[in-house]
Trainee: 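Below is one structure. I have some questions about it.
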Amino acid sequence: MTTYNIGFPRIGEKRELKFALEKYWKKEIALEELEETGRQLRLRHWAYQRDAGIDSIACNDFSFYDQTLDMIVTLGLEPERFRDIADPVKRYFAMARGDETHTAMEMTKWFNTNYHYIVPELGTGMEGEIDASGIEARYAEAKEAGVEHPRINLVGPLTFLANARRVDSNLEAITLLDEILPRYEALFERLAALDTELTVQLDEPIFVTDKVVELTLLIREVYNRLAGVDERLKLYVITYFDHAVEAAKILAKTPIEGVGLDFLYDEGRNFEALEALRDGDKRLVAGVLDGRNIWRSDLDRRKDLLDRIAAVLPAERIVLAPSCSLLHIPFTLKYETKLSAEVKSYLAFAVERLEELNLLDTLFRGDEPSASQQEALQRSREALTERRGNTRVTDAAVQERLKEAEALKRKRQTPFAERIAVQHERFGYKPLATTTIGSFPQTPELRRVRREYKQGAIGREEYERYIEEQIRSCVEFQERIGLEVLVHGEFERNDMVEYFGEQLSGVAFSENGWVQSYGSRCVKPPLIYGDVSRPEPMTVRWSSFAQSLTERPMKGMLTGPVTILNWSFVRDDQPRSKTCTQIALAIRDEVDDLQKAGIGMIQVDEAAFKEGYPLRGAKRGEYERFALESFWIATNVAESRTQIHTHMCYSEFADIIDTIEAMDADVISIETARSGNTLLRIFKERGYEMEIGPGVYDIHSPRIPSVEEIRAQIEALLEVLPPRQLWINPDCGLKTRGWPEVEASLEHMVQAVEEVRRERGIS
Ligand code: GLN
Ligand code: ZN
């Protein structure tokens, strides 16, 4: 074995699984048809990997929803509250998505990716039986399809537990190790019976986080025990997304077969881990090609990297792999017909990544490349050379402007206390001012019109009139129900990042570059391939039109630089911070154009600010610095009288509150509806001076909150913060909701505010 694929995407290169799942959920197809789609996809995905010459291929990296959820089922750890559902398929999807009588299990981000997993709900004395039948079926299926030595992928016990939640106590789930580990052992006994020799991969990305420090004793115990279950099982403990020095030192002394290390996202630290593996006979699964980003690899540089690794470990013990599962990148370039030839030549999706892996293996082992390999290598070198010299990649004007950016890395010149006085004077809004986060419902008709416009089926004038009508009726609606600070509704936007990406130079879009986010949901991130600039204003037209319809303040609505960066595939030929600065300059120009056009309040959304945080604490400072500086560059062009808002969609930021304050936005709206008021206490305890709109109801659910409920929420807020500092708004944009719910919910919100104001004599 010389090449190893950690995992392959499963949604289908044409999103076949997505469509089949959604039809099945709507009862438009039967279970058999869904299963047949799954089978066809698995066969195709194995064929791709075999054609690329990959030696170790997983038989069970496919899932109908999520790998961790599959693990929950395999280990017999379905929560008690779903056990009344007898049919296992119904139960599986009810756990994932909820049904009439069950709320879904919680879902959260898989480390610092945009993939979401189902959070296990655990307690003591869980009664389910382990169930290896799913894995056994996949193993047999893969063998029958001609996959040699199919590998079994499992979420490792320490990552599984670190990502789980205890529902029976406040203790961390890791305290259940003594109950969970025997289940892994029982499972291993079942698996061992499958073949004379079997490779098992245990994903343990928790080892690359600072949490590893608390786990060190457990790593030894767990892997000594698991490796001892049956000698037919060869265990590979795989880490990714950062270095795993601490864990590797321990794993080196356990009887496992191999360790996987990421040599791309480790900043060189995994060479220390390598030292620990030098003695002994462990194999190294060397993550040397990017599993998280989509650029063509520089194979000569990768070979150098491998040579350095081989200076520590003999080449026979080195197995080549992508840096992590390819789940995080799109399938194939095969269907990209609209990308420019240059940009396309800079890319490698999953299938192309595996071809690179094969080629790199040939180079590294010193084998004679075949004619087609030679040709591929030459194409690769040429593309990289062309990319370095391309003036659309390196834009002299943008480079020049970057010099100016240095002086802009600071807060606004007028301090907040002075600014806010000027702003109150200008806008005259009352305490508990009501507003929304930006988007209003996106109806099927609206989506159709936008699509028709994009495809050229309707002309620009007709399209613009249509959008104007949407804005007009949205503004009328907001005035009628008595909202005080209005928005235009974002009807012209399909997505908050795509809309800006499409108007920026240096950014391209694939047609089919979908990546699974959760379940059947996929995203198609923009490809930032070159220096970014803004040829023309992007939002002024719509914001000015909306402002012309009303006397009330109309918030301009922009996506912040950090969020654009974190939700894109970012070029790898310069530091991310530099790309972020370029985006910040483009947003800055937009902020300035908006204020010149008379838009007095401008919201710069940083929905993805938090998710960009590095996994290792040691890297945090650097990220925070450039993220903050980028936000400042984007917003400090605002005059004192221009009010800058920002919005973030999460509530766990007790640990980053200093950074949030340092962003220096006049008003921040955040999600608190689902998390109680603990967060607000933190604001109070540390004395936060800026204005805050803590979402008073949860927009992620179709439920309409009552006036009383919202009032109670406002009263709770007033226990911790004074009315002057508070804004009242939903906790996120309304685009995914229907109009009837939105109308009722917002009417209730406005009414609740009126009642509270009346009672407290606030005017
Ligand atoms: N302004 C955006 C909206 O309202 C913000 C979306 C988000 O926070 N994810 O849709
Ligand atoms: Zn949000």
Trainee: From Leu347 CG over to Thr332 OG1, what is the distance, rounded to the nearest 0.5 angstrom?
Mentor: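 Going from CG on Leu347 over to OG1 on Thr332, the span is 11.0 Å.
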Trainee: Please say whether more than 12 non-hydrogen atoms of neighbouring residues, nucleotides or ligands are located less than 6.0 Å from CD in Glu267.
Mentor: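 No, the 6.0 Å shell around CD holds no more than 12 heavy atoms from other groups.
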Trainee: Going by the salt bridge (charged side-chain N to carboxylate O under 4.0 Å, His left out) test, which pairs reach into residues 147-160, not counting sequence neighbours?
Mentor: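 Non-adjacent pairs meeting salt bridge (charged side-chain N to carboxylate O under 4.0 Å, His left out): zero.
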Trainee: Using the salt bridge (Lys or Arg N to Asp or Glu O under 4.0 Å) rule, pick out the option among Arg301, Arg296, Arg387 that qualifies with Asp572.
Mentor: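 Considering Arg301, Arg296, Arg387, a salt bridge (Lys or Arg N to Asp or Glu O under 4.0 Å) with Asp572 is found only for Arg387.
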Trainee: Quick test of your reading: applying salt bridge (charged side-chain N to carboxylate O under 4.0 Å, His left out), list the pairs with at least one residue in residues 250-264, sequence neighbours left out, ordered by first then second residue.
Mentor: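 For residues 250-264, and leaving out neighbouring residues, there are no salt bridge (charged side-chain N to carboxylate O under 4.0 Å, His left out) pairs at all.
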Trainee: When you look at NE2 of His116, are more than 12 heavy atoms from neighbouring residues, nucleotides or ligands closer to it than 6.0 Å?
Mentor: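 Enclosed: over 12 neighbouring heavy atoms sit under 6.0 Å from NE2 of His116.
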Trainee: A quick test of your reading: do over 12 heavy atoms of other residues, nucleotides or ligands sit less than 6.0 Å from CD of Glu172?
Mentor: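 Atom CD in Glu172 is not crowded, with 12 or fewer foreign heavy atoms closer than 6.0 Å.
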Trainee: Going by atom types only, do Asp367 and Thr362 share a side-chain donor-acceptor pair under 3.5 Å?
Mentor: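 The answer is no; no qualifying pair exists.
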Trainee: Hey, does Phe569 have a side-chain heavy atom less than 4.5 Å from the side chain of Asn293?
Mentor: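 Yes, close enough: below the 4.5 Å cut-off.
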Trainee: Within a reach of under 6.0 Å around CD of Glu622, are more than 12 heavy atoms found that belong to other residues, nucleotides or ligands?
Mentor: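 Counting neighbours around CD of Glu622, 12 or fewer heavy atoms of other residues, nucleotides or ligands fall under 6.0 Å, so no.
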Trainee: Any side-chain donor-acceptor pair under 3.5 Å between Gln378 and Gln374?
Mentor: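 Not at all, the side chains of Gln378 and Gln374 share no donor-acceptor pair under 3.5 Å.
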Trainee: Can the ring centroids of Tyr4 and Tyr236 be said to lie less than 6.0 angstrom from one another?
Mentor: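 Ring-ring flag for Tyr4/Tyr236: true, centres closer than 6.0 Å.
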Trainee: Does the side chain of Tyr346 reach to within under 4.5 Å of the side chain of Trp295, using non-hydrogen atoms?
Mentor: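 Yes, at least one pair of side-chain atoms sits under 4.5 Å.
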Trainee: Can a side-chain donor-acceptor contact be found between Gln582 and Asp531 if the only test is distance below 3.5 angstrom?
Mentor: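 Looking only at side-chain atoms, Gln582 and Asp531 do form a donor-acceptor pair, the distance falling under 3.5 Å.
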Trainee: Can you confirm whether Leu226 sits close enough to Phe188 that some side-chain heavy atom of one is under 4.5 Å from a side-chain heavy atom of the other?
Mentor: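 The answer is yes, as the side chains (C-beta and beyond) meet within the 4.5 Å cut-off.
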Trainee: Please examine the side chains of Arg292 and Phe241, heavy atoms only from C-beta on, and report whether any two atoms are closer than 4.5 Å.
Mentor: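 Result yes, sub-4.5 Å side-chain heavy-atom pair found.
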Trainee: Indicate whether any N or O donor in one side chain lies under 3.5 Å from an N or O acceptor in the other, for Thr3 and Asp361.
Mentor: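 No, Asp361 and Thr3 have no side-chain donor paired with an acceptor closer than 3.5 Å.
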Trainee: For the side chain of Thr563 and the backbone of Ala608, is there at least one donor-acceptor N/O pair under 3.5 Å apart?
Mentor: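 It does hold such a pair.
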Trainee: Going by the salt bridge (charged side-chain N to carboxylate O under 4.0 Å, His left out) test, which pairs reach into residues 344-358, not counting sequence neighbours?
Mentor: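 Non-adjacent pairs meeting salt bridge (charged side-chain N to carboxylate O under 4.0 Å, His left out): Arg353-Glu356.
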Trainee: Identify the heavy atoms of Ile318 and Ala286 that sit nearest to each other, and give their distance.
Mentor: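 Looking at all heavy atoms of both residues, the closest pair is CG2-CB, 4.1 Å.
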Trainee: Under a plain distance cut-off of 3.5 Å, with no hydrogens placed, do Glu204 and Thr239 share a side-chain donor-acceptor pair?
Mentor: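 Checked: Thr239/Glu204 side chains show no N/O donor-acceptor pair below 3.5 Å.
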